[in-house]
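Step one of this worksheet: look at the structure below.
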Amino acid sequence: MRILFLGDLVGRSGREAAIAALPALRRTLALDLVLVNAENASHGFGLAPDMAAALFAAGADVLTLGNHSWDRKEIIPYIAQTPRLIRPLNYPPGTPGAGVAEVTLADGRRAVVMNLMGRLFMELLDCPFRAAAEALGRQALGAGAQAIVIDFHAEATSEKMAFAHSFDGKVSLVVGTHTHCPTADAQILPGGTGYQSDLGMCGDYDSVIGMKKEAAVARFWRKVPGEKLQPAEGEATLCGLFVETDDKTGLTRKIAPFRQGGRLQPVMPEG
């Protein structure tokens, strides 16, 4: 299965760049599954239903969220009716929406996508390790599911790495999101699980993690309330990860960073 996972969309710049690029990327990379973290798509904070619908129409199969899941209140009724939009699985019981999505491809192959959130330097949710272990107990990689992908939305690289090693060989891919900075550690772990500590963001990199520089810099200099943070609106770089999995085992056999447009050096996986 050929999978592209795009990192956090930040504001209009990242959102519109992804919507414009996805149809061609699906063709040129012969993608079977496209996943997008969209928790910052609406002005940098949250996701609006119309934006989610536009991403699905452009070719996204599953959208994941994170600590900004509920910043747009209108997402609450929408997520309850949209199984391909998922929030972290380790939110407490009774939270709207789901943390796991299942996608059946046209040829019958089945992919499972999970979203979890870390706890170091983040909101203290239920344990993501135990939540993932419980959910994976209901899945069979390579048999019932040809691919299992986890978006681990977390701040600390140590927590991301520990999580990935915990489930090495049990899932196809673990990717980190949230920090908006792409890491250079894309790899296949010893048990066959693909991994990258952070996908980076899809947005304007002439910024402070996607936000306009002036207000963001002022917060560090003055430490007093100031101008509200606004997403930078220059040309976006799309950042993410491409993987190809083995249908028999569900494990990753090819992995490569993806970067297109904007300020960062472009990297296009081989088709």
Side-chain angles (χ1 to χ4, degrees), residues 5-10 35-42 44-47 62-73 75-76 79-80 85-101 112-139 148-187 189 191 193-201 208-211 216 219 229 239-241:
F5 205 140
L6 293 182
D8 308 48
L9 305 186
V10 181
L35 314 173
V36 180
N37 184 290
E39 71 137 11
N40 299 120
S42 178
F45 301 96
L47 175 67
V62 176
L63 303 179
T64 60
L65 296 172
N67 58 302
H68 291 291
S69 293
W70 315 119
D71 285 7
R72 294 291 297 265
K73 304 306 180 187
I75 204 66
I76 294 176
I79 197 172
L85 171 63
I86 57 176
R87 44 73 177 170
L89 177 64
N90 53 321
Y91 272 115
T95 301
V100 180
V112 175
V113 184
M114 298 183 183
N115 189 191
L116 293 112
M117 193 156 78
R119 299 196 292 183
L120 285 178
F121 314 115
M122 303 282 282
E123 185 180 359
L124 290 179
L125 302 184
D126 296 343
C127 178
F129 292 77
R130 290 182 174 86
E134 181 180 353
L136 289 170
R138 298 187 289 270
Q139 306 293 342
I148 300 176
V149 178
I150 297 181
D151 174 354
F152 192 55
H153 196 77
E155 183 77 32
T157 52
S158 58
E159 189 178 18
K160 294 177 182 182
M161 291 176 183
F163 183 92
H165 284 295
S166 295
F167 299 104
D168 184 19
K170 300 176 183 178
V171 302
S172 309
L173 178 67
V174 174
V175 296
T177 57
H178 178 65
T179 72
H180 296 194
C181 297
T183 56
D185 59 343
Q187 60 183 291
L189 300 178
T193 294
Y195 173 73
Q196 183 170 319
S197 291
D198 204 284
L199 297 179
M201 70 173 181
V208 175
I209 62 169
M211 296 296 167
R219 290 189 172 205
L229 294 178
C239 285
L241 188 69

Side chain of [X], backbone of [Y]: donor and acceptor closer than 3.5 Å?
X	Y	value
Gln196	Thr183	yes
Asn115	Asp151	yes
Arg87	Ile79	no
Asp185	Ser197	yes
Lys160	Thr177	yes
Glu159	Arg119	yes
Asp168	Thr193	yes

>> I'd like to know whether CD of Glu134 has more than 12 heavy-atom contacts from other residues, nucleotides or ligands below 6.0 angstrom.
In response: no
Which heavy atom of [X] sits nearest a heavy atom of [Y], and at what distance?
X	Y	answer
Gly44	Val10	CA-CG1, 4.5 Å
Met117	Phe152	C-CE1, 4.0 Å
Leu241	Ala186	CD1-CB, 3.9 Å
Leu65	Asn37	O-ND2, 3.2 Å
Pro128	Asn90	CB-ND2, 3.7 Å
Cys181	Asp198	O-CB, 3.5 Å

> Which class fits the ring pair His180 and His178: parallel under 30°, tilted 30 to 60°, perpendicular over 60°?
Replying inline: perpendicular
> Parallel, tilted or perpendicular for Tyr91 and Trp70, by the 30°/60° rule?
Replying inline: tilted
> To the nearest 0.5 Å, how far apart are CD1 in Ile148 and CD in Gln139?
Replying inline: 5.5 Å
